[in-house]
There are 2 protein chains.
Amino acid sequence: MPKRSAARSGPGSARMRDVALRAGVSTMTVSRALKEPGKVSPEMRERVLRAVRETGYLPNHLAGSLSSNRSTTVGLIVPSIDNSIYTQTVKSLSEVLKHSGFQLMIAESGYDPNEEEELITVFLGHRVSGLVLHSTEHRPEAVEKIRNAGVPVVETGNIPDRPLDMVVSYSNRDAAYAMTMHLGRLGYRRIAFASLYSVHNDRSKDRLQGYADALKELGQDYDPRLVVETERGYAAGAEVVARIVQTVPEVDALFCAGDVLAVGALFECGKRGWAVPGRIAIASFDDVDLLRHVSPSVTTLRLPRHDIGQRAARLLISRVIDGAEHLRGSVVDLKFEVIQREST
Amino acid sequence: MPKRSAARSGPGSARMRDVALRAGVSTMTVSRALKEPGKVSPEMRERVLRAVRETGYLPNHLAGSLSSNRSTTVGLIVPSIDNSIYTQTVKSLSEVLKHSGFQLMIAESGYDPNEEEELITVFLGHRVSGLVLHSTEHRPEAVEKIRNAGVPVVETGNIPDRPLDMVVSYSNRDAAYAMTMHLGRLGYRRIAFASLYSVHNDRSKDRLQGYADALKELGQDYDPRLVVETERGYAAGAEVVARIVQTVPEVDALFCAGDVLAVGALFECGKRGWAVPGRIAIASFDDVDLLRHVSPSVTTLRLPRHDIGQRAARLLISRVIDGAEHLRGSVVDLKFEVIQREST
DNA sequence: TTGTAGGCGTTATCAT
DNA sequence: ATGATAACGCCTACAA
C-alpha cells in the first residue's frame, strides 16, 4: 500500500509534480525552469513560474539535496555562542553564505573536543557541504570522520601547526607577541599577562607563548608570578589586577588576553584610584567597541573578525560550488593591528 | 544507466544498505536497531551496531527526513546576529534543541520584513520542524506561507496583539512602563527617554508606549523634547545625553531603552563631570553584565533572555515530537525585574 | 528544448 | 522479531 493515501490538499502540499501537472509539462521542465532558467524557453519559464505561484509550491531542499548529492548547508561550531568575539565572524560568515544560497547550521561545543566530535557527526549526518570550526584541537575520531566524509573544512580560531584542511585566522601567538613587544617598546619593564584557562584552548596557549617569546626578545625575565590564568568576566579581570599588584608591586603593565578581562581590570583600577597608565598600564585583546569608549580608552589588538567570516565563507563556497580543489589546505594568515590608546 | 557506477569506496561511503549486507540483515532491521532499539532483539542490535562501527556508517538525515516526513532542524531568525541581547536566547535555545536531537539553522533579517520573508521561505524549503522568530512584525505573505506549511512557530521578541502561533517573551511595553514608574517613584520629575529607531521594530514602539503610559500614570507631561530615537552604539548614547541636557536643562533622569546607549550616556556624564545620579540619573534596559561593573553601577531591567530560549525550545519540541496541539497559540508572558543600582 | 526512466538513502506499511 | 516493497520529492543521465 502506498505510503501516502492519495489526493493531497493539506498543509505543505504542493510538490513539483503538482506544478508540472498544472503547467502541463514534465517535472524536469519545472526543475529546469527553477534552477537553470537559461535552459528553457522564456514562455515555458513564464508558464512554470505561474503554476508555481498558483500552487504555492515550495521546493523541497531535502529531496533536492538527496537526489543531487549536494546540500546547501554549512555547519559552524563555536566554543560558546554567547561570546561577543564570535558574533562578528558568525555574522559575516552567514551573510556571505546566504548570498550564495547556503544556510548556516550552528552549534556550540563548550570548549569540549568530545562535544565537538559529537556535533561534527551530527552535521555530517545532515550532509553539510562544509564545516567551519573555531577550535583547532580535535579528537582523532573527528578528524577521521571529516576525512572520510570528504567535506571541506575551515578552521578559524588560530593558525594550527597541522591544519585539518583550510585555515582562515590570525595567529594568536603573533598577536600576543606584537602587543607584548609594543608594551616593551613603550618602556614597560614588568609586564603581567592574564589569559583565560588554556585547557583545550590552544588560542590561550599560543597567546601565552607569544607573550613569553616577546619577553625573551625584550630581554626581560619570565616571572611566573606575573602570569595568571583565570575564568571569564569583569569580576575576574578586577581580581587579577588586584592580585598582581599585591603580589608583584613593581608590575607596571597588565596585558589581558581578553577584552572583558581588560575592562574588568580597568574598572578595578578606577575604583582603587590607581592611575592608568600611571600606576599600571592596561592592554587588551580584540577591538570591541567598548574599549574605545571607556576612560582611559584601552590599547588593544584589532583582529580581523569580520574578514575571517567572509573569507572562510568564500573559500568554502569556492570549494563546494566551483570545485576549486587547488584551495584544499589553503592557509590564510590574516593581519592584525596594535591600536595604541590612552591606557598604555 | 544507473546514476552511480556500481561499487563504492570513496568518501562519504557507507549507506544503510552496506551495513545491512555486512550484518546479514535487511535495511529495516538496521533502521530499527538504530532508531527503535527496543524493537529488535539484543543480539541483533549488537550485530548491527558492530556492522555500523566497522563500516563507519553515518545515517543520512536528508534521506531519513524525506522518507519520514519529519526533520530535525529548527529555523531561527534574529534581526541582528551580532547583538549581544540575542546571544543568551540563542544559546539556551540551541542547548535545549540539541538535547532533543534538533539542529539550529540561524539567519539574520536585518530588521527587514522582506528579508525575513525570504528567510522563512528558505527555511520552509529546508523543511524545518519549527521556526523561532524574534520579530513580531511579518509580511502577510510570510504569514501565509507559514500557515500553509503547517509549521509551529514561536515569536520571542515581544508579546504581539495578534500572535502568529506561540509566543514566549516579556512585554516590552510593560517593562518600559515598570522602569518609568520606578523612576517616578524615586522622585524624578523630568524623565527623558531614548530608544532605538522604531521603524519595523515593534519592540521599540512598545517601549515608548510603556514610557508614555507611565508618565500619564505619574501625572507627568509627555514632553516630545525628552524623547529621542537614535542609532545603536556608545557614541549614540553619549550624544543623546549631551543633547538632552542642553535642550532641557531641567531633565533629571534618562531612561535608555538599550544597554549600550545607557553605558555610552554614562561615560559621557563621566567625561563632563556630571554626577550620576546627582545631575542626571540613568536607567537601562537589559541586564548585561557590564552594567553591574561600571561606576556608578546602572539601574536596569533584568529580562528573561535565558528562559525565553529554553521555553521556546520546549514548546517547539512538544509540538513536534509529542504533537501537543493543545499548545498551539500558547502565550508565555515571562516576568522581568527592575534592578535598582547606584545610577538612579 | 523537452521528456522518460530510474535512482538518491531512508522509512512506512504490510506480511511473515 | 524481521523482511519485502513501495514510496518520500527531486535530479542525473540519456533519449527524442
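Just so we're on the same page: letters track the sequence lines, and every chain starts at 1.
- One side chain, B:Ser129 or B:Ser71, offers a donor N or O that lies under 3.5 Å from an acceptor on the other.
- Contact check, B:Ser26 against D:dA4: no side-chain N or O comes under 4.0 Å of OP1 or OP2.
- One finds a side-chain N or O of B:Ser31 lying less than 4.0 angstrom from the OP1 or OP2 phosphate oxygen of C:dT11.
- In this structure, the CE atom of B:Met44 is 11 Å from the P atom of D:dA1, given to the nearest Å.
- Between A:Glu36 atom CD and C:dT2 atom P the separation is 13 Å, expressed in whole Å.
- When each of C:dA12, C:dG9, D:dG3 is scored by its nearest atom to the side-chain atoms of B:Ala63, the top-ranked nucleotide is C:dG9.
- Between the CG atom of B:Leu131 and the CE atom of B:Met105 there is a distance of 10.5 Å, given to the nearest 0.5 Å.
- In this model, the phosphate group of D:dT2 is approached by a side-chain N or O of B:Ser41 to a distance below 4.0 Å at OP1 or OP2.
- Within residues 47-60 of chain B, no residue places a heavy atom under 4.0 Å from DNA chain D.
- Rounding to the nearest 0.5 angstrom, the gap separating the NE2 atom in A:His200 from the OG atom in A:Ser135 is 9.0 Å.
- Distances were taken from every side-chain heavy atom of A:Arg15 (C-beta onward) to each of D:dC10, D:dT2, D:dC14; the shortest belongs to D:dC10.
- Protein atom CG of B:Leu66 is 9 Å distant from nucleotide atom P of D:dC10, rounded to whole Å.
- Side chain to side chain, B:Ser67 and B:Asn69 fail the donor-acceptor criterion of an N or O pair below 3.5 Å.
- Among D:dT2, C:dA12, D:dT12, the nucleotide with an atom closest to any side-chain atom of B:Ser68 is C:dA12.
- Between B:Lys39 and D:dT2 there is no side-chain polar atom (N or O) within less than 4.0 angstrom of OP1 or OP2.
- At a cut-off of 3.5 angstrom, counting only N and O atoms as typed in the model, there is a donor on one side and an acceptor on the other between the side-chain of A:Ser67 and the base of C:dG7.
- When each of D:dT12, D:dG3, C:dT2 is scored by its nearest atom to the side-chain atoms of A:Arg70, the top-ranked nucleotide is D:dT12.
- Residues A:Gln310 and A:His306 have side chains that bring a donor and an acceptor to within less than 3.5 angstrom of each other.
- Listed nucleotides D:dT12, C:dC14, C:dT11 differ in distance to B:Lys35; the shortest reach to its side chain belongs to C:dT11.
- If B:Asn69 and B:Glu43 are placed on DNA chain D by their nearest nucleotide, the residue sitting closer to the 5' end is B:Glu43.
- Here B:Met28 lies in heavy-atom contact (under 4.0 Å) with a base.
- Checked by distance alone, B:Arg127 brings no side-chain donor or acceptor within 3.5 Å of a matching partner on the base of D:dG9.
- Taking atom CZ of residue A:Arg17 and atom C1' of nucleotide C:dG3, one finds them 14 Å apart after rounding to whole Å.
- If you check the side chains of A:Glu155 and A:His138, you find a donor sitting under 3.5 Å from an acceptor.
- With respect to B:Glu141 and B:Lys145, no salt bridge is recorded, no charged nitrogen being found less than 4.0 Å from a carboxylate O.
- Of the candidate nucleotides D:dC10, C:dC14, D:dC14, D:dC14 has the atom nearest to the side chain of A:Arg32.
- In this structure, A:Met16 places its CE atom 15 Å from P of D:dC8, rounding to the nearest Å.
- Close to D:dA1, at under 4.0 Å from its OP1 or OP2, lies no side-chain N or O of B:Arg45.
- Within 4.0 Å of A:Ser65, counting heavy atoms only, lies no atom of the nucleic acid at all.
- The side chain of A:Thr27 has D:dC11 as its nearest neighbour among C:dT2, C:dC8, D:dC11.
- A salt bridge does not link B:Glu116 to B:Arg139: none of the charged side-chain nitrogens sits closer than 4.0 Å to a carboxylate oxygen.
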